[in-house]
Amino acid sequence: MAVLVTGGAGYIGSHAVAALLEKGEEVVIADSLYQGHEQAVLGGKLYIGDLRDEQFLAQVFGENDIDGVIHFAANSLVGESMEDPGKYYHNNVYGTLCLLEQMKKAGVKRIVFSSTAAAYGEPERVPIDEYDRTVPTNAYGETKLAMEKMIRWFDTAHGIKSISLRYFNAAGAHESGKIGEDHHPETHLVPLVLEVALGQREHITVFGDDYPTEDGTCIRDYVHVSDLADAHLLALDRLRQGGESAVYNLGNGLGYSVKQVIETARHVTGHAIPAVTRDRRAGDPAVLVASSARARDELGWSPSRSRLEDIISSSWNWHRTHPEGFKS
Ligand SMILES: NC(=O)c1ccc[n+]([C@@H]2O[C@H](COP(=O)([O-])OP(=O)(O)OC[C@H]3O[C@@H](n4cnc5c(N)ncnc54)[C@H](O)[C@@H]3O)[C@@H](O)[C@H]2O)c1
Ligand SMILES: O=c1ccn([C@@H]2O[C@H](COP(=O)(O)OP(=O)(O)O[C@H]3O[C@H](CO)[C@@H](O)[C@H](O)[C@H]3O)[C@@H](O)[C@H]2O)c(=O)[nH]1
């Protein structure tokens with residue numbers, strides 16, 4: 001039996017594929033390579049194609065004995081989603097519908113889904129727990145919430161059990177040094193800051209310093225990509241053992257401001273990293289920090305790479321050894 005990983009050539013997906021392989025799982029990957037990289041896939045069987053292509057997906061399910069799906073494939077940039085929401089509804093919501101229909105046809109009853117802290121919007125309180133209100137402030141988060149809900153209806157109607165994992169801000173790289181974050185364009189804070197350290201950018205732009213936080217910049221909960229990967233394996237195990245559908249936050253419960261991230265990167269890299277403040281970016285909530293108590297209690301998840309300095313050091317190890325990213 002194989003695990004299908006959609007988006008497994010992408011940043012978080014490739015780390016999950018690595019973790020599945022380390023555990024001895026048979027892995028099938030479906031990725032359009034719209035963002036992902038062939039070289040990021042450390043093993044398993046890679047199918048290159050789009051989830052919205054019915055024939056492609058039928059082939060993936062037809063040629064493999066799939067017992068569970070881990071679904072990463074999506075567009076996930078907050079800023080872009082505010083400019084082109086249609087792209088997000090089409091790829092994220094319709095893409096997930098195509099996947100669920102294929103799972104239904106093939107009788108696959110388990111899915112672990114990449115959801116997001118962006119589902120909450122501006123939180124009522126921090127740390128945020130899974131029962132808090134979900135009112136996204138950006139179109140990306142809205143599509144992820146729609147995907148979560150659609151997946152739940154496929155449980156009600158067809159018995160497809162799901163675990164939706166709402167990750168906070170993924171960062172860091174695999175300890176082997178073989179895979180890391182390589183997006184085109186890159187929009188995430190940590191890799192951009194490190195590109196400045198590498199001399200590939202002149203400065204980092206801070207999007208707004210007038211938020212209601214101590215230093216005026218946005219606060220996020222940075223979580224190591226390999227800790228996220230581990231949670232997917234635990235979630236899949238739980239579903240295999242007959243667990244019910246559920247939603248879990250994944251974060252460290254520690255909030256760092258944009259300025260603190262830049263300062264930590266200066267310390268880790270030994271580079272000056274000039275910063276320039278500009279206007280706020282549309283759709284950004286001021287503070288997103290997780291309570292992951294539920295994932296700890298019910299999944300037995302315990303992130304082991306929680307210190308911001310360690311997370312940034314592992315990213316730095318990847319970026320300085322792969323300044324141009326992946327070759328393919
Ligand atoms: N990076 C984060 O901080 C973060 C936080 C919360 C949630 N997430 C979610 O986690 C998932 C993975 O994020 P990531 O940072 O690894 O993104 P990524 O862009 O690196 O990976 C997504 C992968 O999916 C593929 N893909 C996209 N649309 C596809 C389609 N229609 N058919 C086939 N393949 C397709 C892309 O080529 C890419 O390889 C996303 O669903 C994202 O919304 C990410
Ligand atoms: O050049 C930059 C880039 C980012 N930021 C800020 O840094 C913070 C983090 O931004 P970024 O790294 O782009 O991540 P988010 O927008 O917080 O989104 C990430 O984290 C979300 C969960 O919190 C996920 O849903 C998204 O998929 C993922 O991209 C935000 O306050 C940004 O405004 C800057 O100030 N300058």
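In listed order, ligands and their atoms are each counted from 1. We count residues from 1, following the sequence as given.
Set against the non-hydrogen atoms of Ile204, the atoms of ligand 2 under 4.0 Å away are 1 (O). Near Ala117, the atoms of ligand 2 lying under 4.0 angstrom from a non-hydrogen atom of the residue are 22 (C), 23 (O). With ligand atoms numbered from 1 in the order given, ligand 2 contributes 23 (O) to contacts under 4.0 Å with heavy atoms of Leu288. Here is the list of ligand 2 atoms found below 4.0 Å of a heavy atom in Val206: 35 (O). In the vicinity of Ser76, heavy-atom distances shorter than 4.0 Å reach the ligand 2 atoms 26 (C), 27 (O), 29 (O). Ligand-side atoms of ligand 2 in range of Tyr140: 24 (C), 25 (O), 26 (C), 27 (O), range being under 4.0 angstrom from any heavy atom. Close approach of ligand 2 to Arg220 is summarised as follows: ligand atoms under 4.0 Å from at least one heavy atom of the residue are 17 (O), 31 (O). Heavy-atom proximity to Thr187, at under 4.0 Å, picks out these atoms of ligand 2: 3 (C), 13 (O).
In this structure, His319 contributes its side chain and Leu198 its backbone to no donor-acceptor pair below 3.5 Å. At distances below 3.5 Å, at least one donor-acceptor pair connects side-chain atoms of Asn138 with backbone N or O atoms of Gly283.
Both Ile111 and Val28 are part of a single hydrophobic cluster, where members link through side-chain heavy atoms under 4.5 Å apart.
The pair Asp227-Arg305 counts as a salt bridge, with a side-chain nitrogen and a carboxylate oxygen less than 4.0 angstrom apart. Using a 4.0 Å cut-off between a side-chain N of Lys or Arg and a carboxylate O of Asp or Glu, Arg294 and Asp129 do not qualify as a salt bridge. With salt bridges taken as basic N to acidic carboxylate O contacts below 4.0 Å, none links Glu63 and Lys45. A salt bridge is absent between Arg201 and Glu186: the closest approach of a Lys/Arg side-chain nitrogen to an acidic carboxylate oxygen does not fall below 4.0 angstrom.
Between His232 and Tyr167, the ring centre distance stays below 6.0 Å.
With sequence neighbours left out, the ring-ring contact (aromatic ring centres under 6.0 Å, His included) criterion links Trp301 to no other residue.
Residue Asn169 holds the heavy atom nearest to atom 23 (O) of ligand 2 of all those in Asp209, Asn169, Val261. Checking Val223, Thr205, Thr116 against atom 21 (C) of ligand 2, the nearest heavy atom belongs to Thr116.
Using a 4.0 Å cut-off between heavy atoms, Leu189 contacts ligand 2 through both its backbone and its side chain. With a 4.0 Å heavy-atom cut-off, ligand 2 is reached by the backbone of His188 and by its side chain too.
Closest heavy-atom contact between Ala173 and Trp318: CB-CB, 3.6 Å.
Other residues sharing a hydrophobic cluster with Trp153 under the 4.5 Å side-chain heavy-atom criterion for ILVMFWY residues do not exist; the residue is a singleton.
Each ring-ring contact (aromatic ring centres under 6.0 Å, His included) pair with one or both residues in residues 116-135, not counting sequence neighbours, would appear here, but there are none.
Of all protein heavy atoms, the one closest to atom 6 (C) of ligand 2 is Val258 CG2, 3.8 Å. Of all protein heavy atoms, the one lying nearest to atom 10 (O) of ligand 2 is Arg281 NH2, 3.5 Å. In this structure, atom 33 (O) of ligand 2 lies nearest to the protein heavy atom Asp284 OD2, 2.6 Å.
Every N/O-N/O distance between Cys218 and ligand 2 stays at or above 3.5 Å. Between Phe207 and ligand 2, an N or O atom pair is found at a separation short of 3.5 Å. Annotation: Tyr167 places no N or O atom under 3.5 Å from an N or O atom of ligand 2; distance criterion only.
Protein residues with a heavy atom under 4.0 Å from ligand 1 are Gly7, Ala9, Gly10, Tyr11, Ile12, Asp31, Ser32, Leu33, Tyr34, Gln35, Gly36, Gly49, Asp50, Leu51, Arg52, Phe72, Ala73, Ala74, Ser76, Asn91, Ser114, Ser115, Thr116, Tyr140, Lys144, Tyr167, Phe168, Asn169, Ala170, His183.
Cation-pi geometry between Arg280 and Tyr211 is met: the NZ or CZ atom falls under 6.0 Å from the ring centre, inside 45° of the normal.
Looking only at atom types and distance, the side chain of Gln59 has no donor-acceptor partner in the side chain of Tyr47 under 3.5 Å away.
For Tyr222, the heavy-atom gap to ligand 2 drops under 4.0 angstrom.
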_Please evaluate residues Leu20 and Leu233 with respect to the criterion side-chain contact (heavy atoms from CB on, under 4.5 Å), reporting the C-alpha separation (whole Å), side-chain torsions for both, the decisive distance (0.1 Å), and the verdict._
CA-CA 7 Å; Leu20 287 163; Leu233 273 59; 3.7 Å; yes
